[in-house]
Every structure is written in structure tokens, then in C-alpha cells.
Amino acid sequence: MCGIVGYIGNNFAKKVLINGLSNLEYRGYDSAGISLINNNSIHTLKTKGRVKDLIQLSNIDKIDGYCGIAHTRWATHGEPSDKNAHPHNNQNNTFSVVHNGIIENYNELKDFLISKNYKFISETDTEVIPNLIDYYYKEGNDFLHSVYNACKHFKGSYAICVISSFCPDKIIVARKSSPLVLGKGINENFIGSDIPALLEYAKYFYFIKDNEFAEVFKDNIIFYDKDLNKIEKNYKEISIDSSDITKNGYDDYMLKEIYEQPKSINNTLNNLNFETLDFTKEYLNNLKKIYIVACGTAMHAGLVARTLIENLCKINVEVDLASEFRYRNPIIDNHTLAIFISQSGETADTIAALELAKSYGAKTIAVTNVPESSITRIADKVLYTSAGPEIAVASTKAYTSQVALMSYFSIYLAELLDSNNNSLLEELKEDLKNIHDKISKILNSTNLQIKDIAKKIYNEKDIYYIGRGLDYCVALEGALKLKEISYIHAESYASGELKHGAIALIENGTTVVSIVTNPSLIEKSISNIQEVISRGAKTIIITNQHIDNDSFNYIIEIPKTNEYLSPILSVIPLQLLAYHVAKFKNLDVDKPRNLAKSVTVE
Ligand code: M6R
């Protein structure tokens, strides 16, 4: 989604801002822009397209300054275009704003401003912000109070950075339900919508909370609470290995992240500490339900966790999409445990669902990959996947780390409950310990075979993914991976459900990918595959079982593990398949069209 960068200091701002925008490219965007203050006036340049288009604008060399703001926009209100790109300025060009989030009541505010003779040139919600600030400034407020008064009117979410030609020595920032961080330097300060934007410039960070404000000067930052009282804030040191945020020799972040999975799973498992949850046997025995709530791939990890928790702990688990959960009046009380999985920790729907569950008295746990992300400040407890920064939009190493974490969590709960299946729990722990080796084996032994298969299927229009039980959960994830980066229509079905409708879609030559890892369901799974073969389907089988390969077009073999852990292995060939198909189609696998890495608006 949209990205923000701001700079004020002793150096020229343009280079820092453009670098920062490049570091934010992974978030997904469709236009870019920059505003700089020079000689007490604001110079703004913006364009539809990429950061590379911005730096090719003819006037870009003519502007610079020591204070500026910049933005990558992911369109919500108004098409991607030059005029809708940020920054947005008031009509006198005295205030310039970059904004992440959505001002839901912008029409009402726009009507008010139009009645006061303000003119608008874009279709965005954001343009009301500089104009409302200007309105309050003209009413006699100073810069800070003008921003503060304007923010009082905004419904929805925002992270904003504002510069003014009246006060060229500071940037004012404010946030509500949209992330914003400040990087501390020496005689310079930085603003970013996330830490990766600023990592090459800062290692000490301040985190702005909801409804807080800050005045950012080159050598000082003053923080304010929601009533504009001054507050003190401590900075935190964040150190991320630079190889974590570069491609490190790989063609794409996605491939690098796929290959990082042995390490990311190991790190995740080694860094876990469930004691911080303060769970007791009595608390667990009194639980009526566990909800697992998330979006996209993170929700698919939740589906795997449901099977493990229900089977190992005999606790009722419901999994829901955050965007549905928050509006369906879920039954929640203080006998509910609600777990929210989010790689970024910034997904707007997941955070809103968490706030809802908390308000009804549920104990809440966030499972996230990003320290200091918004979700970590709201949940009662936090469990971290230690997968390292995930830059590619398509989630890979975060998913397997989430599944590994939730698998270990299920074992932990079962142990606490004395669930009487010690030998199974020991086997699972042993298998988890060795799972990184098996992932390495899959990466080494299947990549070329999968590339070969991808070459044969990359022109397909539709591909189906089927499986039973946990294999169905993986089918859902495999189909999502393929559709998001290759733009091929991919659907997943529970194998047993095919006959109830979807099999009508199978015709001569249709590709069906089947995941077959559950030994107790193997005959049933195979007979479902035979049903699609009888209708002309070409089949790709991912399996750790011994199956007769006469009737199938391709079999991708993966190592055996306990069936409860098979999703961590069987998803790897599906990630590689999606990757290679997208590469054969010459697509940008890291930044697929229309998608954003973290979805910070509803
Ligand atoms: O950061 P989150 O885990 O909350 O993100 C949730 C989804 O937006 C995310 O998993 C999305 O589905 C990915 N693009 C999948 O690859």
C-alpha cells in the first residue's frame, strides 16, 4: 500500500527521499511524488508510474532542499494519475501533505471547504487535508494547531506528514490507524511508513501511536498526545542485517525468500517462548473456543493450525477472515482466546478484528513477523515468527514460519492440558526439529523438475488445486500463490467437494494440481484424481506417499514427515511452481499488479 518518507536535516533531502521511496517499492503502488522546501516555497513533482518515472521528470534536477516529503500511492479514491498522486497541496501552495489511509468523510469536508471557496483538482480524499489545514491557519492558528484542528475532523485512518512554506524548519506528523515511524539521526531526522524505508539511514526509531502528533526538526523531535500535551518518548534500536533486505544474489526477493525457508523456520522455532503467555491448565480447560483470525496467506496458516489444535487439544477452533469476522457479530466472551496472525502486523482488517475481540473480553494473541508493528501494541500477548523481513508481495517464508509456530503452539497447549498423547507430541517435536533439512531437500531436488512443468503450463487460463484435510489447506495457499503472481485463474477445492459442482469445469487438458500426503485418505484422494483424469484433466501430484504413477502426468515427490506437519513441506513445490510460471510469463514476481505487501486500509 502507500508509502511515506520524510527528511529534514543538514543534507539535501531529495536523494534520501528517493532512496526511501525505492525501499518502499515492495509495498505495491501506482504513482510517486515528492515535495521539497526551498527558499521558503514548496516545489512538488509527481507522476503516475514508478519511482524511476519520477526521477526521469524533466524538472527533478532543478529542485532540492533540506526538508521534504515523498510518497508512493496505491490508488483507493481516484484512478492512478499525475493529479491524484501525492503530495497534495492547498491551492496557495503553502502546505503540502502525504497521506496513508482513507479519510472516510472527505466528501462532507470537501463540501464545507468548497463553500469557503476552496478549489479541488484531484479525485482523492487526501486533498481535503492541506486545504483544511490552510483553513485553520487562516483562522489564526499556528502550523501545529492547524494540523491538530484539521485532524479532529477526520473519520477513517491516516498517517500524515505535512510541510509548510510558513515554517520551513519542521515537518508535522500525525497518525490514526496507519503506521508511522521516525528515525533519529545526528542533525537530521527521518520519517517513514515502515522501518525498511529508513534502514540505510537510521538505527534508532521512535514509534508514533494512534492520535499522537510530532513536530520533527532537524535536531529535535517534540511529541504530543491526542490533546496536544507534550509527551516524552524513548527510541528503540532496530538492527536488521542488510542481507535481509537485499536480493543477495537472487533474481527476485520471492525466490530468495523461498530459499530462506530452512533458516526462517529454524529461527522461528528456536526463538519461541510460550511461557510469556502465562497459560495454565485451568485457563485452557475453561476455554469455550479459540478463534484464529487473519487475511490471505496468514488465514491459510490459521486453517492448518485449526486441525492441529482441535486434534491435539480437543478445543473448538474457528478460523475466520478478518474482514468477515469484524462484521458478523462473533460470539466472544472472556472464555474465548482469539489469535490474530499477520506477517506485517499492519493489516487494517486484522487489527480491527483484534480490537473487536478485545473489547468483548477475549484474551488476544498476535502472531507477527514484524517487531514493533501496530498489532504488537494492541494484543495482550505477542508471538513472533523470526522469518526476517519478507519483501516480496507473495508471502512464502512467513507462511511456513506461521505454520511452524502454530504447530509448536498446538503441541505446547496439548502438553499443558496433559492430553495423553505424549508419544505423538514427542514425534511432532522431533519432526519439527528436522523439518528445515527436509525443506532444503525439496528445494534441491524439485526445483528443476518444477521449472520444467511450469514451462509446459504457463499459458493455461485456469488451474485447479485439490486436496483433502490439511492437503486442502495447502491447496488454498497454492492457488493463491499462483493467481497473485501469474494472474492465472486458480481455484482450490476440497477433493470430496468436486462432484458437488466444480468438476463441471474440468475439460480436456485442464491442469489439476493435487496434494496427497495424508496416508489415511490416500485411496479417497486418488479416486478423486481419477475422476478428473476421466474428464480429460492433466495432473500434477505433490506427494510423500508411494503411488502408482501410470495415470498421472507429473509426480513431485517430497520427504515424509508426520502428517500434521506436511503443509510445511507440501507448500514448497507450490511456491516454486507459482514462481516459475510467473517468470515464464515475464512478470514482476515481487511486485504483482494491484497488490500491496501490507494492506493498511479496509
Ligand atoms: O501482513 P499480513 O499477514 O496480515 O497480510 C495478509 C495478506 O494480505 C497476505 O497474506 C496476502 O494474502 C499475501 N499477498 C499472500 O501472498
Side-chain angles (χ1 to χ4, degrees), residues 1 26-29 74 177-179 193-196 252-255 257-258 261 264 268 292-305 319-326 339-355 365-376 378-379 382-385 387-403 405-406 465 473-474 476-487 490 492 571-572 574-579 582 587-602:
M1 299 248 118
Y26 77 97
R27 291 167 68 102
Y29 70 105
W74 187 87
S177 305
S178 203
S193 45
D194 67 19
I195 292 171
D252 314 271
Y253 283 109
M254 184 181 175
L255 191 63
E257 288 160 8
I258 289 174
Q261 289 178 103
S264 55
T268 296
I292 302 178
V293 182
C295 301
T297 286
M299 194 279 283
H300 295 159
L303 290 173
V304 175
V319 182
D320 210 345
L321 293 165
S323 53
E324 291 295 311
F325 178 84
R326 59 185 291 201
I339 303 172
F340 299 84
I341 307 179
S342 173
Q343 187 284 130
S344 62
E346 303 293 351
T347 300
D349 280 318
T350 308
I351 289 175
L354 161 58
E355 280 165 342
I365 301 178
V367 175
T368 186
N369 195 38
V370 181
E372 304 299 337
S373 54
S374 301
I375 207 169
T376 64
I378 305 169
V382 183
L383 295 173
Y384 288 101
T385 48
E390 192 179 65
I391 308 285
V393 163
S395 183
T396 54
K397 63 176 181 172
Y399 169 81
T400 45
S401 290
Q402 287 158 353
V403 175
L405 181 153
M406 291 304 291
Y465 287 70
C473 302
V474 176
L476 287 160
E477 176 57 10
L480 177 63
K481 278 302 78 92
L482 187 77
K483 72 183 109 179
E484 64 182 333
I485 61 166
S486 76
Y487 317 147
S492 43
V571 77
I572 310 281
L574 301 181
Q575 296 169 344
L576 286 169
L577 186 67
Y579 172 82
L587 296 170
D588 183 343
V589 293
D590 288 337
K591 297 193 283 289
R593 70 182 180 205
N594 303 341
L595 294 179
K597 181 63 183 163
S598 55
V599 182
T600 49
V601 294
E602 184 174 351

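In each ligand, atom 1 is the first atom listed, and ligand 1 is the first ligand listed.
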Practice problem: Measure across F325 and A353 and return the closest heavy-atom pair with its distance rounded to 0.1 Å. | Solution: CD2-CB, 3.6 Å

Quiz item: So does E390 pair up with K597, basic N to acidic O under 4.0 Å?
Solution: yes

Distances only, to 0.1 Å: what are the N or O pairs between ligand 1 and the protein that fall under 3.5 Å?
residue, atom, partner, partner atom, Å
ligand 1, 1 (O), S344, N, 2.9
ligand 1, 1 (O), S344, OG, 2.7
ligand 1, 1 (O), T347, OG1, 3.4
ligand 1, 3 (O), Q343, N, 2.7
ligand 1, 4 (O), S342, OG, 2.6
ligand 1, 4 (O), T347, OG1, 2.4
ligand 1, 10 (O), T297, N, 3.1
ligand 1, 12 (O), T297, N, 3.3
ligand 1, 14 (N), V393, O, 3.1
ligand 1, 14 (N), E484, OE1, 2.8
ligand 1, 16 (O), T297, OG1, 3.4
ligand 1, 16 (O), S395, N, 2.8
ligand 1, 16 (O), K481, NZ, 3.0
ligand 1, 16 (O), E484, OE1, 3.3
ligand 1, 16 (O), E484, OE2, 2.4

Self-check item: Main-chain N/O of I292 paired with D320 side-chain donor or acceptor, under 3.5 Å
Solution: no

Quiz prompt | Exercise: identify the closest heavy-atom pair between S264 and A387 | solution = CB-CA, 3.6 Å

Practice problem: Quick one: closest heavy-atom pair of E257 and K397, and the distance? | Solution: O-CB, 3.6 Å

Name the atoms and distances for all side-chain donor-acceptor pairs under 3.5 Å in residues 476-486, with sequence neighbours left out.
residue, atom, partner, partner atom, Å
E477, OE1, T297, OG1, 3.0
E477, OE1, H300, ND1, 2.8
E477, OE2, T297, OG1, 3.1
E477, OE2, K481, NZ, 2.6
K481, NZ, T297, OG1, 2.9
K481, NZ, S395, O, 2.8
K481, NZ, E484, OE2, 3.4
K483, NZ, A490, O, 3.1
S486, OG, L482, O, 2.6
S486, OG, I488, N, 3.2

